[in-house]
2 protein chains.
Amino acid sequence: MNIQSILTNEQLYPYLLKARYGIEKESQRVTTEGDLVTTDYPQKLGNRSYHPYIQTDFAETQMELVTPVTDNISDLFRWLAAIHDTVYRSMEPNEMLWPLSMPPALPKTEEDIVIAKLDNFEDVLYRRYLAKTYGRRKQMVSGIHFNFEFDDEMIQKMFELQEEYENYDQFKTEVYLKVARNYLHYRWLTTYFFGASPLSNPRYFNGYKHPTEPVRSIRNSEYGYKNLEDVKVTYRSVKEYVADIQQMVEEGKLSEEKEFYAAVRLRGGESVADLADKPIRYIELRNIDLDPYQPYGIGQKEVEFLHLFMLFLLWTDEKAEPDEWVEQGEQMNNFVALESPLAQTVYYDQAKSLIVAMRDFVEQIALPVSTEILDRLEEMLEDPKQTLAGRVYLDAQKRTQKELGKQEGLSYYEKAWQAPYQLAGFTNMELSTQIFMFDAIQKGFDIEVLDEQDQFLELNAQDHTEYVKNGNMTSKDTYITPLIMENKTVTKKLLHRTGFRVPQGKEFTSEKAANGSYEEFRDKSIVVKPKSTNFGLGITVFEEGPSKEDYEKAINTAFQEDGSVLIEDFIPGTEYRFFVIGDEVKAILLRVPANVIGDGKQSIQELVAQKNSDPLRGENHRTPLEKIQLGASEELVLHQQGYTFDSVPDQGETVYLRDNSNVSTGGDSFDMTDEFSEDYKQLAVQVAQTLGATICGVDIIIPDIAAPASAVDAYGIIEANFNPMMHMHCYPYRGKGRRLTMDILRLLYPDFVK
Amino acid sequence: MNIQSILTNEQLYPYLLKARYGIEKESQRVTTEGDLVTTDYPQKLGNRSYHPYIQTDFAETQMELVTPVTDNISDLFRWLAAIHDTVYRSMEPNEMLWPLSMPPALPKTEEDIVIAKLDNFEDVLYRRYLAKTYGRRKQMVSGIHFNFEFDDEMIQKMFELQEEYENYDQFKTEVYLKVARNYLHYRWLTTYFFGASPLSNPRYFNGYKHPTEPVRSIRNSEYGYKNLEDVKVTYRSVKEYVADIQQMVEEGKLSEEKEFYAAVRLRGGESVADLADKPIRYIELRNIDLDPYQPYGIGQKEVEFLHLFMLFLLWTDEKAEPDEWVEQGEQMNNFVALESPLAQTVYYDQAKSLIVAMRDFVEQIALPVSTEILDRLEEMLEDPKQTLAGRVYLDAQKRTQKELGKQEGLSYYEKAWQAPYQLAGFTNMELSTQIFMFDAIQKGFDIEVLDEQDQFLELNAQDHTEYVKNGNMTSKDTYITPLIMENKTVTKKLLHRTGFRVPQGKEFTSEKAANGSYEEFRDKSIVVKPKSTNFGLGITVFEEGPSKEDYEKAINTAFQEDGSVLIEDFIPGTEYRFFVIGDEVKAILLRVPANVIGDGKQSIQELVAQKNSDPLRGENHRTPLEKIQLGASEELVLHQQGYTFDSVPDQGETVYLRDNSNVSTGGDSFDMTDEFSEDYKQLAVQVAQTLGATICGVDIIIPDIAAPASAVDAYGIIEANFNPMMHMHCYPYRGKGRRLTMDILRLLYPDFVK
């Protein structure tokens, strides 16, 4: 099989840079002082027995973060970011993740290293066995497992272009076997460039044999966490690989298959035995040290290199019998791992020619990758100080390894807490969905983003699937209910008929007809609004009868949002948003229309700019509050008060720029949940039930919240919203946040989210 | 109480012409030959034991049509129209309604008049009693009961403006009592103008005492269907009215309260006794003869007059002691009823001055009614030939009464069958909703149109409410399901993952990016379509790789419908629409793209105009098919075939104007339900179930319907629709109609619609 002629075939071209990726990353929990924590696994996280993204490794302090399998590198890093964000903000406020592969200072007594308190007793027994066999300290090292799968279409095209193999599965297995052996042979190269465990804390080895000088990678050397000498497994063929592992287990040299700690594992199904009748599906590279200069322990460039390296290893012929080829690699790797981090490697010439070969390879298959990666490798080869090991060593010299770990760790910790409402990796989604995803990741839902732009998620847990849009559109509401709420005429009819107080009004379908009815409304308090609107757009309120000019302007504004416009009684009082889930009001919010407070100097326009500079204010529902706009609606509202954008309000004077109080038009939000008595909450629940809604936001005007809801004119129901923004309740301008996103998860999975 | 000063108070002005109306109308079923039918109550109609709109009166042949209470006259007539349409098209194809109050020729033997076969045995017993007391023939007369209720705000304003009564309920009762007594006094006026039963069929009286000459109204005379002489009830006060009726029942002079056949009934709650503790809520005028010249037995002008008359009777003082006042009215009415239909009435002077008084009244309270009504009354007063009785009499002279009844009846019958897909009264609603309402009225649902423009209905039956929009959006689907279907990316992901064959593709959010990907698609069969679209707008198909120009045009067209555009594999074959309800495919439709067939002479534009002239083709889903458009999409499709709108196709050549086959863009529809084997139906049901849908339209491309669905490439799922048009299945271009609307009703009320 001439692999090089196959790989250069243009049919393969679209698939070479496609692949599937997954990362498992271990990290020790430490305090913000850099000391190993003594706390248990964070309680806020869902049960680690089933958690798809957040597990524990050997010790109770050793988090294991697992990404889902992704189709591209950018998604891989989005998930790494999101899972890290969730872990950081689910731990105690003074806890963070240790960014280095080598652990922080360990307890004096080995028994003080607490084995992970897992539910499954077999898992605990396994860890006890490991503690006994290798010692607890050795287990405290952390790293990254990188799972890599070629695009299946690429392997299929390759299969079609060769003649040696008749069986596709066999061919596929051979592809991965070759890459695995070549990786085992050449992995000293990754150890040279990305090895990042030059130093250990004195108590790590605690009397065991250990390197006496700084090295490139303790973890990848003979002193690292590896199987005992008598464990030997061949990569000659899958059959022999499986047989060897099974024999090791039978002979008791391994307690279980998963104790086989090779730098590369061949992966098919769930267990090693599955490889007997299934092809290799992907390979797991287990030798990656944590890069302390990257927030997630590995950089995007390193992953890009690994992908390129996998292709190169597929392209490059093996130059010895398989076992010998692998054994040579073992030795070279150990040698490189134990070199001084600042020394030129003894394999400098080989490395140099490998980089040349990679350049040549990239050129021959015209791979559209930036040569920057290879340029960088060359620099690192020429200057060992630029390798990761070199940098870590030098940095630790400057400020001690603890200080290095603490400072780098703190910078990631601070980033995670900087905008605690956001979910890193998914900040382009609406804020409510970000919060919802955070909670879902925290509790251990298996999540798929079905359509990012449309805020469309799939949740899986307990063998049950739910689909969620915008964080609050679910299967728990029927189709007709939002249609009822969307239609204000129908909503009002149903509520009025059931006996709720709703403003009465008239509907117009032409601007002319609406303008013609001016006489009817000239002396009334009215609201002019589009029949269907979200976010309060196009609404104008006249507390006293409008002038003809303002009336017509308001009509015009409303018709720009919808073909039907309602003119309704204006019910005086304050409007509150009641967020109903099931038969409970979970949050009540007072929203104050967009406003500025004068200082006697700045114009309204300037005051708005000042208020908008608050980082909590953003656009398009990506922040808890929205920026105040300076549009036609604001102009009209100011005009009614005799102001323009250039007016300068007095010191302390509050000037409102909107009549509607929606947060989405720049309003402020105040949590009032605990200020209301039960009767108003019951009222809101009854409104929701009348409309058949499980999840909805009911807007109620109440002149006096101290008066009972049964009093005359105690309230007026304005409308019910089928897509109520949750984030403004979760992160109000003032007052206690209400975690509605978690309530929705609980509604969908009552037994899963307690 | 100075009622006149109260009624002229401007506060009342907005309410005077507001009222609530309801009509009950009896009609005999006859054959299209004008003979009384011998068939039973139409089987297609829901059970008359609970039917809110369609009942039977005394005889099995005597339909009683009951409108809901409406807030305005126009709605009253819409419901009359809709109920009539439903009745006509639910009877045997050769049956219609007899338009006259006096019945058609009756059977020789009285026993051949079949008493209504009601489920409730008490109802049957009551009719047997009536047959015995009054004779069966007498019962065969028909008329209209007109229920009238003043606007409640009007009576409240009146109450506030007077000082005589302290109790509102009492005041309200007195208002109606006065109107009732005045109506009983002056009703001879309506008998003069609108009496319409001058002649009887000889067998109607069959030996009983009867008028020997033509009169104005047999039905309103002493020969009409009225209580026996010894039944006397006063209208002095409600208390006495109730007591009198109860006494008559106790003494056996009436079998039940409802046997009290006065020209005016006072109505409060369900039974007469309810008036003891509730005010009169409305009055029922029972003396209206059927107007054979009106399709629904009464004209809008007559109702407008009755409303004006009610106000006038409230305004006009009584001029004698109550019983005497009523008794005078009885006598005058009987006298007028028995006058010759062509004679000037003996009360000409009184009538003249009443019309003057009404003119004066209209002027004094500045009532915005057209004086046309009063002008018309004056003409009828001057010329008895113009009264209804005069017209019916003269017409019957010309062509016999049977011929008159038959011809007028046939004209209404033909109108009802002219566009059998429409529902008269509601033709401005979408056709699917019209068909749905027809079925719901037929089966006896209590229906409220919550929002006409939005096709929003409420159904009530069996103490259970359902809301329905567009005839197919119901509580049986969850909120998330249509959101899944609306998002084609999500739909495809879920279907592909479950193993269905779906076209693969790419999504673009900018025109530039989409245009930039031309190379990828230049040699492929593709469909370019907006991510969200209804009715197939913005879709372009390229069966062979597109030219760059056409590709960019298609991209541009698609982006005009949505901000996201999909380019997908084009799967060759024919597209079918599978309509799924629950776990069944209820209909399968083949839609053929808008097309014309050439005649070698006319241009495409002319051929389109010709095809569009078919009355089955309309616009905006008000007809079974839509007119073919001549827009940018059509132009592009023709251009791809080398045509313009002015090209002249050869004789017999089919030219397609669209690539998409939607009926809404002018396509033709063919029912194929019985052509498919079970496996394709199961496939469609499984697709619906995968998306969680109860009601949906699945579009599947199938190259060969004879091949099994399990064959390789047997099908491709295009999309699923959450608002599939039902009317195109109910009334296809060719093939059997499928009554999906009834299936939806059955889904919502399985026990009610069998």
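Order of the sequence lines sets the chain letters (A, B, ...), proteins ahead of strands, with each chain counted from 1.
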(request) Mind checking salt bridge (charged side-chain N to carboxylate O under 4.0 Å, His left out) for B:K524 and listing every partner two or more places apart, or none if nothing turns up? (result)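 If we apply the salt bridge (charged side-chain N to carboxylate O under 4.0 Å, His left out) test to B:K524, skipping adjacent residues, there are no hits.
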(request) Apply the test salt bridge (charged side-chain N to carboxylate O under 4.0 Å, His left out) to residues B:K492 and B:E568: give CA-CA distance (whole Å), side-chain angles for both, the deciding distance (0.1 Å), then the verdict. (result) CA-CA 11 Å; B:K492 268 169 48 184; B:E568 278 180 357; 3.0 Å; yes
(message) Quick one: does any side-chain atom of A:N721 pair with a main-chain N or O of A:P724 as donor and acceptor, under 3.5 Å?
(response)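 Absent.
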(message) For A:T481, which atoms come within 4.5 Å of any heavy atom of chain B: side chain, backbone, both, or neither?
(response)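 For A:T481, neither part sits under 4.5 Å from chain B.
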(message) Which residues in residues 464-474 of chain B have any heavy atom closer than 4.5 Å to a heavy atom of chain A?
(response)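 Only B:Y467, B:V468, B:K469, B:M473, B:T474 of residues 464-474 of chain B have a heavy atom under 4.5 Å from chain A.
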(message) Salt bridge or not between A:K18 and A:E149? Use side-chain N to carboxylate O under 4.0 Å.
(response)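 Salt bridge flag = no for A:E149 with A:K18.
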(request) Name the member of B:D451, B:T489, B:T509 that forms the most heavy-atom pairs with chain A at distances under 4.5 Å. (result)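 Counting heavy-atom pairs under 4.5 Å, the top option is B:D451.
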(message) Shorter than 4.5 Å, heavy atoms on both sides: which option in B:D454, B:T694, B:V490 has the most such pairs with chain A?
(response)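 Greatest number of close heavy-atom pairs with chain A: B:V490.
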(message) Would you compute the distance between atom CZ of B:F436 and atom CE of B:M726 and round it to the nearest 0.5 angstrom?
(response)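 Answer for the CZ-CE pair, B:F436 versus B:M726, is 6.5 Å.
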(message) Tell me which of these, A:L483, A:N487, A:I480, has more heavy-atom pairs under 4.5 Å with chain B than the rest.
(response)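 Winner by heavy-atom pair count: A:I480.
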(request) Please find out if less than 6.0 Å separates the ring center of A:F508 from that of A:F559. (result)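 That pair fails the under 6.0 Å test.
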(request) Could you list all the ring pair (Phe, Tyr, Trp, His ring centres under 6.0 Å) pairs where at least one residue sits in residues 472-507 of chain A, not counting sequence neighbours? (result)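 Qualifying pairs, neighbours excluded: none.
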(message) Taking side chain as everything from C-beta outward and backbone as N, CA, C, O, which of these in B:S564 sits under 4.5 Å from a heavy atom of chain A? Side chain, backbone, both or neither.
(response)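 Only the side chain of B:S564 comes within 4.5 Å of chain A.
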(message) At a 4.5 Å cut-off on heavy atoms, which part of B:I484 comes close to chain A: side chain, backbone, both, or neither?
(response)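 Looking at B:I484, backbone and side chain both touch chain A.
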(request) Quickly, which of B:E719, B:E561, B:E486, B:E507 forms a salt bridge (charged side-chain N to carboxylate O under 4.0 Å, His left out) with B:K531? Name it, please. (result)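 Single salt bridge (charged side-chain N to carboxylate O under 4.0 Å, His left out) partner of B:K531 among B:E719, B:E561, B:E486, B:E507: B:E507.
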(request) Taking side chain to side chain contact (heavy atoms under 4.5 Å, CB included) as the test, write out the residues that go with B:D713, two or more places apart. (result)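 Testing B:D713 for side chain to side chain contact (heavy atoms under 4.5 Å, CB included), a comparison that skips the adjacent residues, returns B:R501.
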